[in-house]
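What follows is a set of notes on a single structure, which appears directly below.
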Amino acid sequence: MSEVLEQEAKGTAGHVSKYTRNNPFFSNVSVNRLLTAEGSEKETRHVELTLEEGMTYTPGDAVGIIPENRPEAVADALTALGFKGDERVLDHYKVEISLEEALRTRLGIGKLARGSVGQYAKLAPTIEGLKVLTGPENKARAEEYCWGREFVDLATDFPGVVTDPQQLFNVLQRLTPRMYSISSSQAMHKDSVHTTVRVIRYDSHGRNRQGVASGHLGDRAGEGTTMPIFLHSNANFRLPEDTSAPVIMIGPGTGIAPFRAFLEERQATGQPGDNWLFFGEQREKMDFLYREQLLGMHKDGLLTRLDTAFSRDQHNKVYVQDKMQEQSAELFRWLERGAYFYVCGDATRMAKDVETALLDVIAKGSNGTLEHAAEYLAAMKKQKRYQRDVY
Ligand SMILES: Cc1cc2nc3c(=O)[nH]c(=O)nc-3n(C[C@H](O)[C@H](O)[C@H](O)COP(=O)(O)OP(=O)(O)OC[C@H]3O[C@@H](n4cnc5c(N)ncnc54)[C@H](O)[C@@H]3O)c2cc1C
Ligand SMILES: NC(=O)c1ccc[n+]([C@@H]2O[C@H](COP(=O)([O-])OP(=O)(O)OC[C@H]3O[C@@H](n4cnc5c(N)ncnc54)[C@H](OP(=O)(O)O)[C@@H]3O)[C@@H](O)[C@H]2O)c1
């Protein structure tokens, strides 16, 4: 077993589960409910999946979900290709299945990859419109073509290219599992794993689209349905071993997921350490994910501090890092007390801005320079007191 696969198969205390991405567990969806309220610009869902005995996870881990492409997308692709769906093909393991099943469960027909355009073009070297989308000199043009498009667009724009359905296994990438941070603690929910999923829906190039896995969870994974899953260990995102150490958690949007798991764990196992959560979303009325549970934890004292940043409830945007700046002195006192600092959610902007704010908090608190703050943060990293789970 490779190191990655081995890590994937490991749950709590290094138990190796027999379920992996290639041999998933067929879990039941026991709960699938909307967390965002009517009027929200987001559709974020709370999904609970059953586990069988022996399947264990630790807060900080992720669950891999193996989605299917939506039937309408499969039907559209078949129409664009001019096939019926009952044609026989061999899958990646040389198992014979129908083309319809291959397009639904084996092949990535969602967002278009540049590599797929290249392979498609190889099947029709004389089509000028395809030629200009291939080769290193046309990389930017191909990227632009792929943006917001799916395989169906390629097959519609350049019809008649695929003459044998088996060729699709060279053109399309495999349909891959998607990872979701686990939002529950097994100390509280022995037989299930919870996730917090933002459903991706958008319109582009005249079609309505959705994310493959989040769309599946949003539309076709109602309570009582089955979902193939596997647990994925993440040893780099863990509560402190010292249960009395304070923790600071920055989790806007779906970034709240592992922190719900952390808090449930600390609650269920009676860990005495202080907990400080910074949560952010667009609007308090519609987007305060897990509002009742978090407010309850705050009232009960489990959440020592709870700071929220609802970005669109006032004229100027307010983000979690603005709340950090407001609480700069107290935040630094927590760090000096040995607090662990965690960030989860958007990798591209939020995680960077939060790090900049953290450096500023440290510099201000220690009356030092930003260089000194960078050294302080490097020391925190070394002590595993600065951990991120960003995507
Ligand atoms: C470790 C880890 C933890 C994660 N945890 C969570 C979590 O807790 N909750 C969560 O919701 N997600 C989480 N994710 C993200 C998740 O794995 C999926 O990537 C996400 O749900 C999208 O998958 P999808 O199959 O629905 O969308 P896909 O089919 O993969 O499509 C997504 C793609 O659609 C395209 N797209 C999106 N919007 C637009 C638009 N408006 N216009 C054009 N193109 C667009 C983009 O290229 C985007 O990358 C996590 C990821 C990782 C790696
Ligand atoms: N790979 C994927 O396809 C995929 C799928 C799902 C989610 N995601 C990513 O997962 C992350 C979480 O998504 P989400 O919708 O739950 O939440 P999100 O987009 O991160 O939004 C949560 C809150 O963070 C605010 N925000 C925006 N920019 C910020 C910044 N630079 N610093 C701090 N806060 C900022 C948002 O405000 P405003 O909106 O008002 O600016 C909102 O109030 C995002 O990166 C999202 O793109 C990725």
Side-chain angles (χ1 to χ4, degrees), residues 8 35-36 40-47 60-70 73 108-113 143 146-151 153 173 175-184 193-205 207-219 221 232-234 236-237 250-261 278-284 286-289 308-325 343-357 388-391:
E8 203 151 81
L35 290 171
T36 41
S40 172
E41 289 175 36
K42 306 254 178 107
E43 176 183 339
T44 305
R45 310 192 72 88
H46 175 76
V47 180
D61 288 349
V63 57
I65 293 193
I66 301 176
E68 286 191 3
N69 287 305
R70 61 173 163 162
I109 57 170
K111 60 177 182 165
L112 191 59
E143 294 285 4
C146 288
W147 176 246
R149 285 194 170 88
E150 296 172 316
F151 176 66
D153 301 283
Q173 294 175 338
L175 182 57
T176 50
R178 307 295 200 262
M179 292 297 167
Y180 293 92
S181 308
I182 291 174
S183 56
S184 53
V193 61
H194 303 184
T195 59
T196 311
V197 178
R198 189 184 109 199
V199 181
I200 297 182
R201 299 184 197 275
Y202 57 97
D203 289 308
S204 66
H205 303 286
R207 285 176 191 270
N208 90 17
R209 326 259 177 178
Q210 53 179 244
V212 172
S214 62
H216 188 161
L217 290 166
D219 287 351
H232 178 89
S233 172
N234 179 6
N236 296 321
F237 204 76
I250 314 290
T254 52
I256 186 68
F259 302 134
R260 179 178 183 263
F278 289 82
F279 173 71
E281 250 304 351
Q282 293 183 346
R283 296 177 183 87
E284 177 170 15
M286 305 145 191
D287 304 311
F288 194 165
L289 310 179
T308 51
F310 293 103
S311 52
R312 304 191 187 188
D313 274 349
Q314 59 288 303
H315 184 66
N316 293 324
K317 289 265 173 110
V318 175
Y319 288 156
V320 281
Q321 60 271 27
D322 299 315
K323 294 287 166 179
M324 287 170 58
Q325 296 278 16
V343 186
C344 180
D346 173 36
T348 36
R349 292 164 308 152
M350 182 276 295
K352 291 190 184 95
D353 294 349
V354 164
E355 182 163 306
T356 304
R388 305 199 302 178
D389 175 17
V390 295
Y391 45 88

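Just so you know, these numbers come straight off a predicted model, no measurement behind them. Start at 1 and go down the list; that is how both ligands and their atoms are numbered.
At the shortest separation from atom 17 (O) of ligand 1 among protein heavy atoms lies Met179 O, 2.6 Å. Nearest to atom 24 (O) of ligand 2 among the protein's heavy atoms is Pro252 CB, 3.9 Å. The nearest protein atom to atom 29 (O) of ligand 1, hydrogens excluded, is given as Val212 N, 2.9 Å; this is a heavy-atom distance. The protein heavy atom nearest to atom 26 (O) of ligand 1 is Ser214 OG, 2.6 Å. Protein heavy atom in closest approach to atom 14 (P) of ligand 2: Arg198 NH1, 3.4 Å. Protein heavy atom in closest approach to atom 18 (C) of ligand 1: Tyr180 OH, 3.9 Å. Residue, atom and distance of the protein heavy atom nearest to atom 39 (O) of ligand 2 are Arg312 NH2, 2.9 Å. At the shortest separation from atom 31 (N) of ligand 2 among protein heavy atoms lies Asp353 OD2, 2.9 Å. Of the protein's heavy atoms, Arg178 NH2, 3.7 Å lies nearest to atom 28 (P) of ligand 1. Residue, atom and distance of the protein heavy atom nearest to atom 27 (O) of ligand 1 are Gly211 CA, 3.2 Å. In terms of protein heavy-atom proximity, atom 52 (C) of ligand 1 is closest to Tyr391 CB, 3.6 Å. For atom 37 (O) of ligand 2, the closest heavy atom belonging to the protein is Ser311 OG, 3.0 Å. In this structure, atom 1 (C) of ligand 1 lies nearest to the protein heavy atom Asp389 OD1, 3.8 Å. Annotation: atom 41 (O) of ligand 2 to nearest protein heavy atom, Tyr319 OH, 2.6 Å. Among all protein heavy atoms, the one lying closest to atom 48 (C) of ligand 2 is Tyr391 CD1, 4.5 Å. Ranking protein heavy atoms by distance to atom 16 (O) of ligand 2, first place goes to Thr254 N, 2.7 Å.
When non-hydrogen atoms are compared, ligand 1 lies under 4.0 Å from the backbone of Thr196 (N, CA, C, O) but not from its side chain. The proximity of Ile200 to ligand 1, defined as any non-hydrogen pair under 4.0 Å, is limited to the side chain. Residue-level proximity to ligand 1 for Tyr202 is carried by the side chain, the only part with a heavy atom below 4.0 angstrom. Residue contacts with ligand 2 for Arg349 involve both N, CA, C or O and side-chain atoms from C-beta outward (heavy atoms, distance under 4.0 Å).
Shown in contact with Ala213 at under 4.0 Å from a heavy atom are these atoms of ligand 1, numbered in order with element: 24 (P), 25 (O), 26 (O). In summary, the atoms of ligand 2 found under 4.0 Å from a heavy atom of Gln321, numbered by their order in the structure, are 30 (C), 32 (N), 33 (C). Short contacts between ligand 1 and Thr254, defined as distances under 4.0 Å to a heavy atom of the residue, involve ligand atoms 9 (N), 11 (O). Distances below 4.0 Å separate heavy atoms of Val197 from the following atoms of ligand 1: 11 (O). For ligand 2, the atoms sitting less than 4.0 Å from at least one non-hydrogen atom of Gly253 are 16 (O), 17 (O), 22 (C), numbered in the order shown with element in parentheses.
Remark: side-chain polar atoms of Asn208 are not paired, donor with acceptor, to backbone N or O of Asp203 under 3.5 angstrom. At least one donor-acceptor pair closer than 3.5 Å links the side chain of Thr36 to the backbone N or O of Thr44. His205 places a side-chain N or O within 3.5 Å of a backbone atom of Trp147 that can act as its donor or acceptor partner. In this structure a side-chain-to-backbone donor-acceptor pair under 3.5 Å is present from Asp322 to Tyr319. A donor-acceptor distance shorter than 3.5 angstrom exists from the side chain of His216 to the backbone of Glu68, with no hydrogens or angles considered. Looking only at distances, no side-chain donor or acceptor of Ser40 sits under 3.5 Å from a matching main-chain atom of Asp287. Although no hydrogens or angles enter the test, the distance criterion places a donor-acceptor pair under 3.5 Å between the side chain of Arg260 and the main chain of Ser183.
Residue Arg45 comes nearest to Gly218 through the heavy atom pair CD-CA, 3.8 Å, listed as atom of the first residue, atom of the second, then distance. In plain terms, the two heavy atoms of His194 and Ser184 that are nearest each other are N-OG, 2.9 Å. Minimum heavy-atom separation, Cys344 to Met350: O-CE, 3.4 Å. Residues Glu150 and Lys111 share a closest heavy-atom pair of CG-N, 4.0 Å. Closest non-hydrogen pair, Ser181 versus Tyr391, comes out as OG-CE2, 4.2 Å.
Distances from atom 20 (O) of ligand 2 to the heavy atoms of Thr196, Asp287, Asp346, Asp313 show the closest one on Asp346. Comparing Ser181, Ala257, Ala347 against atom 5 (N) of ligand 1, the shortest heavy-atom distance belongs to Ser181. Summarising the contacts of atom 4 (C) of ligand 2 with Val318, Thr356, Ile200, Val197, the nearest heavy atom is found in Ile200. Closest to atom 49 (O) of ligand 1 by heavy atom, among Lys111, Arg45, Lys42, is Lys111. If you check each of Gln282, Lys42, Met350, Glu41 against atom 21 (O) of ligand 2, the one with the closest non-hydrogen atom is Lys42.
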Quick one: do Asp219 and Arg201 satisfy side chain to side chain contact (heavy atoms under 4.5 Å, CB included)? Show the steps, please.
CA-CA 11 Å; Asp219 287 351; Arg201 299 184 197 275; 2.8 Å; yes
One pair to check against side chain to side chain contact (heavy atoms under 4.5 Å, CB included): Gln321 and Thr356. What are the steps and the verdict?
CA-CA 9 Å; Gln321 60 271 27; Thr356 304; over 6 Å; no
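A heavy-atom separation below 4.0 Å is not found between Gly255 and ligand 2.
Here NZ of Lys42 is found 7.5 Å from OG1 of Thr254. Values are rounded to the nearest 0.5 Å. Interatomic distance, Ile65 CD1 to His232 NE2, rounded to the nearest 0.5 Å: 13.5 Å.
For the pairing with Ile256, the side chain to side chain contact (heavy atoms under 4.5 Å, CB included) check across Ile250, Leu35, Leu289 returns one residue only, Leu289.
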For residues 308-315, which side-chain donor-acceptor pairs fall under 3.5 Å, sequence neighbours excluded?
residue, atom, partner, partner atom, Å
Ser311, OG, Glu281, O, 3.4
Arg312, NH1, Glu41, OE1, 3.1
Asp313, OD2, Glu284, N, 3.0
Gln314, NE2, Phe310, O, 2.9
Gln314, NE2, Ser311, O, 3.0
Gln314, NE2, Asn316, O, 3.2

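Counting protein heavy atoms under 4.0 angstrom from atom 1 (N) of ligand 2 gives zero. The nearest protein heavy atom to atom 11 (O) of ligand 1 is closer than 4.0 Å.
Atom CD of Glu355 sits in a crowded spot, with more than 12 heavy atoms from other residues, nucleotides or ligands closer than 6.0 Å.
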